[in-house]
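Some notes on the structure that comes next.
The chains referred to below are lettered A, B, ... by the order of the sequence lines, with proteins before strands, and numbering in each begins at 1.
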Protein chains: 2
Amino acid sequence: MAPTSETLTAERILEATEEVLRRHGPAKATVVDVARALGVSHGSVYRHFRTKAALREAVTKRWLDRTSGKLARIAEASDRDPAARLRDWLTALFEAKRHKAGDDPELFATYTVLTDENGAVVGEHIAELTAQLTRIITEGAGSGTFAVPDPAVAARAVFQATGRFHDPCYAREWTRPGVGEEFTALVDLLVRGLS
Amino acid sequence: MAPTSETLTAERILEATEEVLRRHGPAKATVVDVARALGVSHGSVYRHFRTKAALREAVTKRWLDRTSGKLARIAEASDRDPAARLRDWLTALFEAKRHKAGDDPELFATYTVLTDENGAVVGEHIAELTAQLTRIITEGAGSGTFAVPDPAVAARAVFQATGRFHDPCYAREWTRPGVGEEFTALVDLLVRGLS
DNA sequence: CAGCTGACAAATATTGAAATCTGTCAGCTG
DNA sequence: CAGCTGACAGATTTCAATATTTGTCAGCTG
């Protein structure tokens, strides 16, 4: 591939790693492949990432951050009605996952492997998403839309309750007919419970 | 092992298979092992179960039926308050799973493998549990405890929402401190949503 | 001399030949 | 003769030899 003679940065290595993962899948993507894609020796890659695991972890974090970034915009729109915002946020999360899984199942499977091997990064991602939910619910509690004893606890409950519509281990259910209705029924139930 | 010279029945084969699975685990349990445990040739086992897969499926069904049997008693206690009954039922389901996973993790892992390879049987089991939930919610709707447009839809939503506390793919979370509180928070939220 | 290379040891993965297992069935046995 | 046996073919698994990959580092190069 284009051994662009720009200086070698962590950023460029991450880009190349994503490409190699896309091409070869998680099992056969080696750091030698990544080096070759960049036109450098694999020793150079180890200058920027201490281990292969650290490299894969960084790729995983990047991928997850792209999702939480999108959702943050909804969480931060403090002017809108909290109940509608909560629905939108949950819907956006579900849609994002559903598209990732449906549009390119192989790539999704690749990232599922990566998230499985990087529990810590996933934990942080979940903490970030729960914090966004907490923000929406706290504002709803302030404006009287929601009546909850502890917004953080409620946020965690909502996040866990909707697991079936965002946890990759349920990905195969997301294409079944009727999931949309199931999702709506659950969100309705949860919003009623918070109100 | 005891080659009890009683006549060979499907029942006895299932018993022996459970024992072999307990001893050797799902990967190394062969039908020759089962036959040996019974003191017969493996050909005899094939007289009662067409394939090894059918045998494992029957064992899986048996295991799942033991759980749904216990829960059915709670679902059928029509005299008690539906909200309390719903809480009890969900708690019993969680406790049953938590104990199975915690008391003998290896055996639980074995059955997790079995359920993974028998999607159809698991599907029926889930349908049965959802039917029990529907019964509780329908009675609650009749008595005015619950206000739901469609009890079956609500039941499915409740079952899916509590997945984190009964789906084996979350088993490793069940020993973390604080799960009890998370469970209670979610059930409170759901019961409020139904009321 | 900062950054890269490539030879190297140790760890991990692949391969293919040998061993085991599944499922069948002709024939034995009580 | 109903039910069981055990030899068998094909499918699957195991295991050890072989090849690849990871991670290090002394030294090259611009």
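When each of A/Ala27 and A/His48 is assigned the nucleotide of DNA chain C with its nearest heavy atom, A/His48 is the one assigned upstream, toward the 5' end.
Between B/Arg22 and B/Glu106 there is no salt bridge, since none of the side-chain N atoms of the basic residue sits less than 4.0 Å from a carboxylate O of the acidic one.
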- Which nucleotides of nucleotides 21-26 of chain C have their base under 4.0 Å from a protein heavy atom (B), which only their sugar-phosphate (S), and which neither (-), written as one string 5' to 3'? SBBB--
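Rounded to whole Å, the distance from CG on A/Leu38 to C1' on C/dG3 is 15 Å. B/His24 has its NE2 atom 17 Å from the P atom of D/dT13, to the nearest Å. Rounded to whole angstrom, the span from the CZ atom of A/Arg56 across to the P atom of C/dT12 amounts to 14 Å.
By the side chain to side chain donor-acceptor pair (under 3.5 Å) test, B/Glu181 is found to be paired with no residue, residues two or more places apart in sequence or in another chain being considered. The salt bridge (Lys or Arg N to Asp or Glu O under 4.0 Å) check on B/Asp188 picks up B/Arg87, with sequence neighbours excluded. Shown here are the side chain to side chain donor-acceptor pair (under 3.5 Å) partners of B/Tyr46, two or more places apart in sequence or in another chain: there are none. Here B/Asp65 pairs with B/Lys61 under the salt bridge (Lys or Arg N to Asp or Glu O under 4.0 Å) rule; sequence neighbours left out.
A donor-acceptor contact closer than 3.5 angstrom is absent between the side chains of A/Lys97 and A/Thr67. In this model, no donor atom of one side chain and acceptor atom of the other lie less than 3.5 Å apart for A/Thr51 and A/Arg56.
For the pair B/Ser44 and D/dT5, the criterion of a side-chain N or O lying under 4.0 Å from OP1 or OP2 is met.
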- Symbol by symbol from the 5' end, with Watson-Crick or G-U pairs under 3.5 Å, [ ] crossing and | another strand, DNA chain D is ||||||||||||||||||||||||||||||
- Message: side chain to side chain donor-acceptor pair (under 3.5 Å), that's the test. Do B/Asp33 and B/Thr30 meet it? Break it down for me.
- Response: CA-CA 5 Å; B/Asp33 289 332; B/Thr30 73; 3.1 Å; yes
